A.B. asks: 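First, the structure itself, so that you have it in front of you.
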Amino acid sequence: MRRSRIAGVGSYLPARIVTNAELAARMETSDDWIRQRTGIGQRHIAAEGETTSMLALKAAEAALAHAGLTAQDIDLIVLATATPDYTFPSTATQVQAALGITHGAAFDVAAVCSGFVYALTVADKFIASGSNKRALVIGAETFSRILDWEDRTTAVLFGDGAGAVVLEAVEGKGDASDTGVLTTHLRSDGRHRAKLYVDGGPSTTGTVGHLRMEGREVFKHAVGMITDVIVDAFAATGFSAETIDWFVPHQANQRIITASADKLGIPMEKVVLTVDRHGNTSAASIPLAFDAAVRDGRIQRGDVVLVEAMGGGFTWGSALFRF
Ligand code: ACO
C-alpha cells in the first residue's frame, strides 16, 4: 500500500515579538487576563510588506533542507491559509514560483484553523492515489492583517507564522505498523458561520474585512468536535490515548487543549504546547508546534503523532501518522 511519510518539517516565525504587556499598553487588557483565559504570553507579527507567501517560502525551504531534498523534487504544493497574499492567484503558486518549480501543481485550501489538517489530508490522498510523489504541505498565515486592533476580545488571541512538511511516497504493508500518514478524518458544518468569520470578501463587501468571533460559542463546540474526530482516528488505527507518543493539537487556546486531552485521557506530558509563545497562528499552528518538538528532540523518528484542529466554518479534523 502506498503511504506518504513525512520526509522533513520546517517552520518560520516573523522576527517581531509582541508581548501581552505591549498589547496592554495599547488596549484595555492585561497579561494576567490573556494568560489565564488563553495561555498566550506573546505572539509574532509579520513586518510591513512581509506577506503570507514569504513566511510560507521560508518554512518550505526549512522543510526541504530537513528532508535533504531540493525544490525540484517536489511535484505538488498544497497550502492552507485564510490570509492569502491576493484574492488570486493562489499563495501556493507564489511559493511554487519563488522555489523555481515549473512542473506539477500548486493550490490553496481554505479551512481556516483546520487548514493544515485539510491540506495534509488532500496531499496524502494525491500521493496514495499514485498521481504525485513528493508534496509540500504548508500552513501559513498573517492573521495580524485581518484583526480588528480595536477589539480586545479577538486582537489578543492571534499571531503570524508558517510551518511546512514534505510528504514522500513510500510502500507500506497497509497496517498500523507502517511509517507515514495512517488515517485522516475531516468534518465541517457551515451552519456555524456566524460564530467565527471575517466580515468582508470580494463577493460581499469588496473589502478584506476583519475577524469576528463569539468566543464562548466557539469554546462550547470545540472540545466535542475535537474529541469526535480523535475517537475516529483511534477507531481507524487501533491506537489509543495510551499508545500514541505525541499529541500536537491546533494551538488556539490552552484551556481547549487541556480540556480535550483530559476528556480523551491523553496525559499532558504527551501534549506539545506552543500557544504560550506563538498565540493562535491558525493553519500554521500545527506544523509550527510539530517542528518545535522535532527540533528540540522530543518527537523522534518512529513516534506515533496525533494532530487535530477546529476552526471557522466550522471545520474540524484529525490525522494520525508515524513520523
Ligand atoms: N482583556 C481583558 N478583558 C477582556 C478581554 C481582554 N482581551 N476580552 C474580553 N474581556 C472581558 C469581556 O469584555 C468580559 O467582560 P464583562 O464580564 O465585563 O462583560 C470578560 O472579559 C469575560 O469575557 P468572555 O468572552 O466571557 O471571556 P471568556 O472566559 O469566554 O474568554 C475567550 C474569552 C478567551 C475568547 C474564550 O471564550 C475562548 O477561548 N474561546 C475560544 C475561542 C478561540 O480560541 N478561538 C480561536 C479561533 S477558533 C479556533 O482556533 C479553535
Side-chain angles (χ1 to χ4, degrees), residues 18-43 80-83 110-118 139-144 146-161 163 186-190 192-199 210-230 247-261 263 273-276 278-289 307-318:
V18 175
T19 61
N20 292 345
E22 192 176 336
L23 289 183
R26 284 165 61 179
M27 62 184 81
E28 206 175 312
T29 188
S30 66
D31 181 50
D32 265 5
W33 192 95
I34 301 171
R35 277 185 200 275
Q36 275 175 21
R37 297 295 218 285
T38 71
I40 297 168
Q42 62 172 50
R43 71 286 294 142
T81 190
T83 46
V112 207
C113 295
S114 313
F116 184 76
V117 179
Y118 268 66
E141 302 278 16
T142 48
F143 257 52
S144 61
I146 55 164
L147 295 177
D148 174 356
W149 288 98
E150 304 295 310
D151 175 12
R152 67 176 182 171
T153 69
T154 52
V156 302
L157 302 176
F158 297 91
D160 300 336
L186 300 183
R187 298 283 305 279
S188 64
D189 184 344
H192 297 286
R193 184 191 75 91
K195 298 182 181 80
L196 178 54
Y197 69 106
V198 168
D199 63 2
H210 290 113
L211 183 145
R212 305 291 173 206
M213 180 173 72
E214 293 171 28
R216 287 210 160 177
E217 283 297 310
V218 175
F219 199 110
K220 219 167 70 188
H221 286 84
V223 178
M225 288 175 164
I226 290 164
T227 50
D228 273 0
V229 281
I230 291 176
F247 178 40
V248 186
H250 167 49
Q251 309 283 318
N253 179 309
Q254 179 145 9
R255 287 192 299 160
I256 295 177
I257 294 172
T258 307
S260 310
K263 195 167 168 193
L273 278 176
T274 50
V275 67
D276 54 331
H278 301 170
N280 181 349
T281 57
S282 182
S285 92
I286 292 172
L288 270 163
V307 304
E308 62 73 14
M310 179 263 182
F314 290 148
T315 55
W316 63 109
S318 68

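Owing to the predicted nature of the structure, the values given are computational and were not obtained by experimental measurement. Counting starts at 1 for both ligands and their atoms, in listed order. FYI, the numbering just counts along the sequence from 1.
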A.B. asks: Considering Gln251, Met213, Met310, Arg37, which one's heavy-atom position lies nearest to atom 28 (P) of ligand 1?
C.D. replies: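 When every heavy atom of Gln251, Met213, Met310, Arg37 is considered, Arg37 comes closest to atom 28 (P) of ligand 1.
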
A.B. asks: Counting distance only, does the side-chain N/O of Ser114 pair as donor-acceptor with the main-chain N or O of Val117 below 3.5 Å?
C.D. replies: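 Pair absent, no side-chain N/O of Ser114 close to backbone of Val117.
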
A.B. asks: For Ser30 and ligand 1, does the shortest N/O to N/O distance drop below 3.5 Å?
C.D. replies: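 In this structure, Ser30 places no N or O atom under 3.5 Å from an N or O of ligand 1.
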
A.B. asks: Can you find a protein heavy atom under 4.0 Å from atom 14 (C) of ligand 1?
C.D. replies: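 Not a single protein heavy atom is under 4.0 Å away.
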
A.B. asks: Which heavy atom of the protein is the closest neighbour of atom 33 (C) of ligand 1, given with residue, atom name and distance?
C.D. replies: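 Result: Trp33 CH2, 3.9 Å.
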
A.B. asks: Checking a contact table here: which protein heavy atom is nearest atom 11 (C) of ligand 1, and how many Å away?
C.D. replies: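 Looking only at protein heavy atoms, the one closest to atom 11 (C) of ligand 1 is Arg152 NH2, 3.6 Å.
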
A.B. asks: What protein heavy atom is closest to atom 46 (C) of ligand 1, reported as residue, atom name and distance in Å?
C.D. replies: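 Its nearest protein heavy-atom neighbour is Asn280 ND2, 3.3 Å.
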
A.B. asks: Applying a heavy-atom cut-off of 4.0 Å, say which part of Thr38 lies close to ligand 1: side chain, backbone, both or neither.
C.D. replies: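 Contact part for Thr38 vs ligand 1: side chain (C-beta onward).
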
A.B. asks: How far is atom 50 (O) of ligand 1 from its nearest protein heavy atom, and which residue and atom name does that atom have?
C.D. replies: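 Protein heavy atom at minimum distance: His250 NE2, 2.8 Å.
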
A.B. asks: Using a 4.0 Å heavy-atom threshold (strictly under), name the region of Thr29 that reaches ligand 1: side chain, backbone, both or neither.
C.D. replies: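 Both backbone and side chain of Thr29 come within 4.0 Å of ligand 1.
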
A.B. asks: Between Ile34 and ligand 1, which residue portion shows a heavy-atom distance shorter than 4.0 Å: side chain, backbone, both, or neither?
C.D. replies: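 Near ligand 1, Ile34 shows nothing, with every heavy atom at 4.0 Å or more.
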
A.B. asks: Return yes or no for this condition: an N or O of Gly215 is under 3.5 Å from an N or O of ligand 1.
C.D. replies: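 Between Gly215 and ligand 1 (N or O atoms, distance only) the closest approach is under 3.5 Å.
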
A.B. asks: Counting each atom of ligand 1 from 1 as listed, which ones have a heavy atom of Cys113 under 4.0 Å away?
C.D. replies: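 In order of numbering, the contacting atoms are 49 (C), 50 (O).
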
A.B. asks: Measuring from Ile40:CD1 to Arg35:CZ, what's the distance to the nearest 0.5 Å?
C.D. replies: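 Taking CD1 in Ile40 and CZ in Arg35, the distance rounds to 10.0 Å.
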
A.B. asks: Kindly say whether Val229 contributes a backbone atom to a donor-acceptor pair with the side chain of Ser318 at under 3.5 angstrom?
C.D. replies: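 Yes, Ser318 side chain to Val229 backbone: donor-acceptor pair under 3.5 Å.
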
A.B. asks: If only atom types and distance count, is the side chain of Arg43 paired as donor or acceptor with the main-chain N or O of Val18 below 3.5 Å?
C.D. replies: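 Yes; at least one donor-acceptor contact below 3.5 Å.
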
A.B. asks: Do protein heavy atoms approach atom 40 (N) of ligand 1 to less than 4.0 Å?
C.D. replies: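 Yes, there is one.
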
A.B. asks: Quick check against the 3.5 Å criterion: does Asp276 have a side-chain atom that pairs as donor or acceptor with the backbone of Gly39?
C.D. replies: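 Here the side-chain-to-backbone pair does not exist.
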
A.B. asks: Would you say atom 8 (N) of ligand 1 makes contact with the protein, given that contact here means a non-hydrogen protein atom less than 4.0 Å away?
C.D. replies: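 True for atom 8 (N) of ligand 1.
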
A.B. asks: Would you check if there is a donor-acceptor pair between the side chains of Glu141 and Thr81 at a distance under 3.5 Å?
C.D. replies: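 A pair is found: one side chain offers a donor N or O, the other an acceptor, under 3.5 Å apart.
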
A.B. asks: Would you say the side-chain atoms of Gln251 pair up with the backbone N or O of Val275, donor to acceptor, closer than 3.5 Å?
C.D. replies: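 Side chain of Gln251 to backbone of Val275: a pair is present.
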
A.B. asks: Where the side chain of Ser260 meets the backbone of Ile256, is there a donor-acceptor pair that is under 3.5 Å apart?
C.D. replies: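 Such a contact is found between Ser260 side chain and Ile256 backbone.
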
A.B. asks: Looking at atom 25 (O) of ligand 1, what's its closest protein heavy atom, distance included?
C.D. replies: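 Going atom by atom, the protein heavy atom closest to atom 25 (O) of ligand 1 ends up being Arg216 CG, 4.3 Å.
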
A.B. asks: Between Arg255 and ligand 1, which residue portion shows a heavy-atom distance shorter than 4.0 Å: side chain, backbone, both, or neither?
C.D. replies: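 Within the 4.0 Å criterion, Arg255 contacts ligand 1 through side-chain atoms alone.
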
A.B. asks: Distance-only, no hydrogens or angles: does the Asn253 side chain make a donor-acceptor pair with backbone N or O of Arg37 under 3.5 Å?
C.D. replies: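 Confirmed, Asn253 side chain pairs with Arg37 backbone.
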
A.B. asks: Is a donor on one side and an acceptor on the other found under 3.5 Å between the side chain of Thr315 and the backbone of Ala111?
C.D. replies: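 Yes, because the side chain of Thr315 sits within donor-acceptor range (under 3.5 Å) of the backbone of Ala111.
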
A.B. asks: Run the numbers for me: atoms of ligand 1, each under 4.0 Å from some heavy atom of Val156, listed by number.
C.D. replies: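 What qualifies from ligand 1 is 7 (N).
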
A.B. asks: Show which atoms of ligand 1 fall inside a sub-4.0 Å distance from at least one heavy-atom site of Phe219.
C.D. replies: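 In order of numbering, the contacting atoms are 38 (C), 39 (O), 40 (N), 41 (C).
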
A.B. asks: Mind running side chain to side chain contact (heavy atoms under 4.5 Å, CB included) on Phe247 and Ile230 for me, showing each step along the way?
C.D. replies: CA-CA 10 Å; Phe247 178 40; Ile230 291 176; 3.7 Å; yes

A.B. asks: Check whether any side-chain N or O of Asp160 sits under 3.5 Å from a backbone N or O of Ser144 as a donor-acceptor pair, and report yes or no.
C.D. replies: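 Yes; judged by distance alone, with no hydrogens or angles, the pair exists.
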
A.B. asks: Of all the atoms in ligand 1, which lie at a distance below 4.0 Å from a heavy atom belonging to Leu196?
C.D. replies: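 Near Leu196, the atoms of ligand 1 are 47 (C), 48 (S).
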
